[in-house]
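A short write-up of the structure that comes next.
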Amino acid sequence: MVWRTAEDVYIHHVLTGLVAGVIVQDARGRVVAVNRRARQLLGRSVREMIGRDAHDLLHRGPAGEPLPRSQCPLMQAFLAGHPEQFDHQWFQRGDGELLPVAGMTMPYVFEGSREGAAVAFYERAWAARGPDPAPPDHVAALADLADRLALVSETTAVLTSTLDLQEALRRLVRLAVPRLADWAVVDLMSETGALQRVAVVHMENGRHVEVAELAGPMPPLQESSRRPLSRVLRGATASLLVDRSDYVGPPDSDLAAVQHDLFGRIGMRSAIIAPLPGPRRVHGALTLARTDNPKPYDAAELALVDDISRRAGLAVDNAQLYAGQQRVSETMQRHLLPRPPDVPGLEMECRYRAAPQASRVGGDWYDAFRLPDGATALVIGDILGHDLQAAACMAQVRNMLRAFAWQEADGPSVTVDRLDRSLVHISEAETATLVFARLTPDGPDGAWRLRWTNAGHPPPLLLDGAGGARLLEEGSGLLLGTELDVERTDAVVDLPPRSTVVLYTDGLVEARDLPVDEGLELLTRHATELAHLPLDAFCDELLRRSRPAAEEDDVALLALRVPPDGTRP
């Protein structure tokens with residue numbers, strides 16, 4: 001039999017000796033593998049079958065006529081993606097003769113995520129042959145095979161559907177119980193050797209129950225221990241079958257004592273302890289135990305669990321690598337987005353929330369800093385993207401804007417125009433949007449005055465402190481990076497006492513199912529309702545209420561509040 005990847009060794013082990021023929025198809029219905037019995041029944045070589053469309057090559061009507069795909073039960077089951085048993089179908093042999101067949105077709109995950117199918121079949125003429133196995137025996141064997149293949153498929157699906165390690169393991173043990181075990185236990189070992197029991201699950205009254213008191217920190221692994229769990233955690237290359245006889249006598253380590261107590265408490269009859277291997281080390285162990293089922297685990301189940309644990313080990317490795325990258329990214333983002341300056345007479349808060357499915361960094365940013373003439377610069381901006389490239393471009397644009405703002409004492413539009421003309425020459429950012437503002441105490445009676453210009457960004461929101469709210473839509477112009485000669489303008493507003501200004505990025509007001517106009521209305525309504533809160537609570541609650549449920553984009557937010565008397569101390 002021909003297999004495309006090493007991880008299909010388990011399937012090869014199960015199918016090589018099967019008296020039924022097996023054909024494996026990819027998501028497009030092409031034959032990617034056949035076993036020896038299939039080649040014998042069909043009178044075809046591997047070369048004649050691999051890469052061919054299974055329907056065109058094999059499926060025929062009772063008179064040998066080609067079947068339209070819409071009228072072929074096997075093709076319809078394949079397209080629907082569900083298991084189906086068949087009793088009266090015909091395959092065309094290599095010599096042109098018809099082979100009456102019965103069997104089962106079943107879906108499975110192919111190449112990590114794409115759905116394919118395996119078709120197991122036997123010659124229907126066997127029903128009239130006394131010495132040969134009867135069709136019901138084959139149907140039972142095929143049903144068992146289908147269940148095991150489906151379990152491998154579902155395991156791959158649940159392990160690749162999330163990069164949250166705890167969630168992936170939780171889904172894995174719920175899949176294993178009760179199909180493979182009455183109890184499932186997962187132990188994880190950190191790179192420093194610290195061992196943690198992260199999941200203990202069993203069925204109770206038809207539902208999964210997590211026994212939290214049996215989870216938690218575990219005793220350290222000892223090199224001298226010969227008990228099964230210790231051997232697996234030290235790098236056993238395959239899963240181990242255990243029963244009560246393996247735990248007779250005093251434990252040889254504290255870890256073995258904990259495992260002994262667990263098996264005694266749950267009443268273990270038979271168990272499999274499987275390593276969770278990664279490319280560099282063993283990440284932990286998966287323990288599956290039977291307590292109610294008196295049947296001991298057999299070699300086929302051991303091979304199945306070994307296959308599942310290898311997939312789980314790779315998933316753990318990927319999740320830990322992802323978590324490490326997130327920590328690096330979050331550290332980088334914290335340094336790129338500084339705390340706002342302390343400006344006497346003003347409150348200021350800022351927030352950043354990464355897109356959940358991104359790398360925890362992105363192109364949204366805020367900035368606030370003091371200028372040589374005493375003004376305070378405020379910036380909110382957005383570079384396309386949610387990755388390290390976007391974050392790097394954002395850092396370039398932010399630093400360029402800081403340099404131009406430090407040199408320019410003119411209006412914000414002059415600074416932004418200079419940035420726009422320089423962007424394509426000394427930055428890798430293709431386009432950007434931003435609002436740049438200068439805050440000064442030169443309004444009437446020393447009140448705070450806001451001057452700003454807007455380069456294609458959502459308008460700031462002003463809450464006047466008396467229950468009113470409006471979007472500051474003046475001073476709007478084209479986004480940066482168009483290389484067009486545009487005239488940018490400034491807008492000015494005096495900030496009343498107790499007023500609040502909110503600068504934000506479009507992730508707060510826009511999503512695929514939320515038009516930006518509706519998002520702006522929601523933001524204005526929520527901000528008005530929350531204006532009485534302290535500024536830090538205002539920002540947190542505004543993010544919680546206004547951010548679209550899908551959370552598809554990064555969000556940066558910068559808010560400032562004027563004191564009750566409206567003047568600078």
Any [X] side-chain heavy atom under 4.5 Å of [Y] side chain:
{"X": "T431", "Y": "L480", "answer": "no"}
{"X": "L535", "Y": "T500", "answer": "yes"}
{"X": "L169", "Y": "L188", "answer": "yes"}
{"X": "L520", "Y": "L471", "answer": "yes"}
{"X": "L233", "Y": "L255", "answer": "yes"}
{"X": "V435", "Y": "L472", "answer": "no"}
{"X": "S422", "Y": "M400", "answer": "yes"}
{"X": "V509", "Y": "L522", "answer": "no"}

**Request:** Run the numbers on I380 and T505 for side-chain contact (heavy atoms from CB on, under 4.5 Å), then give the verdict.
**Result:** CA-CA 7 Å; I380 194 79; T505 55; 3.9 Å; yes
Is [X] salt-bridged to [Y], going by a charged N under 4.0 Å from an acidic O?
{"X": "E541", "Y": "R545", "result": "yes"}
{"X": "D464", "Y": "R470", "result": "no"}
{"X": "R421", "Y": "E483", "result": "no"}
{"X": "R311", "Y": "D307", "result": "yes"}
{"X": "R197", "Y": "D187", "result": "yes"}

For [X] and [Y], indicate whether the former's side chain and the latter's backbone hold a donor-acceptor pair under 3.5 Å.
{"X": "D53", "Y": "R30", "answer": "no"}
{"X": "N399", "Y": "A395", "answer": "yes"}
{"X": "H208", "Y": "V177", "answer": "yes"}
{"X": "W452", "Y": "E474", "answer": "yes"}
{"X": "Y504", "Y": "P459", "answer": "yes"}

**Message:** Heavy-atom count check: over 12 atoms from other residues, nucleotides or ligands less than 6.0 Å from D373 CG?
**Reply:** yes
So, taking the atom named [atom1] in [X] and the one named [atom2] in [Y], what distance separates them when rounded to the nearest 0.5 Å?
{"X": "L463", "Y": "L495", "atom1": "CG", "atom2": "CG", "value": "11.0 Å"}
{"X": "L423", "Y": "R418", "atom1": "CG", "atom2": "CZ", "value": "14.0 Å"}
{"X": "L450", "Y": "L560", "atom1": "CG", "atom2": "CG", "value": "7.0 Å"}
{"X": "L523", "Y": "E510", "atom1": "CG", "atom2": "CD", "value": "13.0 Å"}
{"X": "R398", "Y": "L434", "atom1": "CZ", "atom2": "CG", "value": "13.5 Å"}
{"X": "R451", "Y": "L378", "atom1": "CZ", "atom2": "CG", "value": "13.0 Å"}

Looking at every heavy atom in both [X] and [Y], which two are closest together, and how far apart are they?
{"X": "F436", "Y": "A405", "result": "CZ-CB, 3.7 Å"}
{"X": "L276", "Y": "S309", "result": "CD2-O, 3.7 Å"}
{"X": "A469", "Y": "L461", "result": "CB-CD1, 4.4 Å"}
{"X": "D536", "Y": "R351", "result": "O-NH2, 3.1 Å"}
{"X": "A432", "Y": "L479", "result": "O-CB, 3.4 Å"}
{"X": "L558", "Y": "M348", "result": "CD1-CG, 3.9 Å"}

**Request:** Starting from the C-alpha separation in whole Å, work towards a yes-or-no answer on salt bridge (charged side-chain N to carboxylate O under 4.0 Å, His left out) for D364 and R353.
**Result:** CA-CA 9 Å; D364 291 24; R353 297 290 183 271; over 6 Å; no
For the residue pair [Y] / [X], report whether a side-chain donor-acceptor contact shorter than 3.5 Å exists.
{"X": "S413", "Y": "T453", "result": "no"}
{"X": "T376", "Y": "R438", "result": "no"}
{"X": "Q222", "Y": "R234", "result": "no"}
{"X": "T433", "Y": "D382", "result": "no"}

**Message:** Evaluate L439 against W448 for side-chain contact (heavy atoms from CB on, under 4.5 Å), listing each step before the verdict.
**Reply:** CA-CA 7 Å; L439 186 65; W448 292 98; 3.7 Å; yes
**Intermediate values then yes/no, side-chain contact (heavy atoms from CB on, under 4.5 Å), N454 and V416** = CA-CA 9 Å; N454 188 330; V416 172; over 6 Å; no
**Message:** Could you check whether R561 makes a cation-pi contact with F538, meaning its NZ or CZ is under 6.0 Å from the centre of the six-membered ring and within 45° of the ring axis?
**Reply:** yes
**Request:** Determine, step by step, whether L557 and L508 satisfy the side-chain contact (heavy atoms from CB on, under 4.5 Å) criterion, reporting the C-alpha distance in whole Å, the side-chain angles of both residues, the deciding distance to 0.1 Å, and the verdict.
**Result:** CA-CA 9 Å; L557 182 148; L508 194 65; 4.0 Å; yes
